[in-house]
J.: 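Supplied in structure tokens, the structure appears directly below.
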Amino acid sequence: RYINLGSWLDIPCYGKFENNDFEMQDQIQYLMKPLSQREQEIILQRYWDRRTYREIGKEFGITGERIRIILMQAIKKMRLLWEYESQAVA
């Protein structure tokens with residue numbers, strides 16, 4: 001199973017994703033590091049396990065809408081980190 005960073009973070013992938021599996025895993029782990037445990041779990045359940053907001057919300061005891069908000073905030077954090085790192089390298 002693959003999580004495509006390019007599709008849900010608007011982060012460019014290097015070449016074909018399948019050919020850079022280890023590099024992409026490293027990028028995902030690095031970008032998720034500053035997130036809370038709950039944010040990480042929500043991202044993994046949504047994009048790895050492909051669970052719905054409602055399903056995830058039931059597990060956490062909150063609404064599906066709240067899960068969506070938490071997810072969008074977490075993705076925003078990851079994008080900001082990616083942009084910061086990209087500018088630092090340039």
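Numbers here simply count residues along the sequence, with the first being 1.
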J.: If you define the side chain from C-beta out and look only at heavy atoms, does anything of Ile69 sit under 4.5 Å from Gln73?
T.: yes
J.: Is the count of non-hydrogen atoms from other residues, nucleotides or ligands lying under 6.0 Å from Phe60 atom CZ greater than 12?
T.: yes
J.: Membership question, hydrophobic clusters at under 4.5 Å side-chain separation (ILVMFWY): are Ile28 and Tyr30 in the same one?
T.: yes
J.: To check you understand the geometry: which heavy-atom pair defines the closest contact between Leu71 and Tyr53, and what is its length?
T.: CD2-CE2, 3.7 Å
J.: Do Leu80 and Met72 belong together in a cluster built from hydrophobic side chains that touch within less than 4.5 Å?
T.: no
J.: I'd like to know whether Met78 forms a side-chain contact (heavy atoms from CB on, under 4.5 Å) with Ile43, so could you lay out the CA-CA distance, the side-chain angles of the two residues, the decisive distance to 0.1 Å, and finally the verdict.
T.: CA-CA 11 Å; Met78 293 172 74; Ile43 285 175; 3.6 Å; yes
J.: Over all heavy atoms of both residues, which pair between Pro34 and Leu81 is shortest? Give the atoms and the distance, please.
T.: CG-CD2, 3.9 Å
J.: Taking atom CZ of Arg54 and atom CD1 of Ile67, what is their separation to the nearest 0.5 Å?
T.: 13.0 Å
J.: Here's a test for you: under salt bridge (charged side-chain N to carboxylate O under 4.0 Å, His left out), which of Arg38, Arg46, Arg51 qualifies with Glu59?
T.: Arg51
J.: What distance do Leu31 atom CG and Arg79 atom CZ have between them, rounded to the nearest 0.5 Å?
T.: 11.5 Å
J.: Walk me through it: do Met32 and Glu39 pass the test side-chain contact (heavy atoms from CB on, under 4.5 Å)?
T.: CA-CA 9 Å; Met32 289 181 70; Glu39 290 169 326; over 6 Å; no
J.: Test side-chain contact (heavy atoms from CB on, under 4.5 Å) on Ile70 and Arg66 and set out the steps.
T.: CA-CA 6 Å; Ile70 293 168; Arg66 183 68 186 131; 3.8 Å; yes
J.: When rounded to the nearest 0.5 angstrom, what distance separates CD1 in Ile56 from CZ in Arg68?
T.: 13.0 Å
J.: Show your working on side chain to side chain donor-acceptor pair (under 3.5 Å) between Gln37 and Glu41 and close with a plain yes or no.
T.: CA-CA 6 Å; Gln37 184 66 35; Glu41 186 63 29; 4.7 Å; no
J.: Under a 3.5 Å cutoff, is there a donor and acceptor pairing between the side chains of Gln87 and Glu83?
T.: no
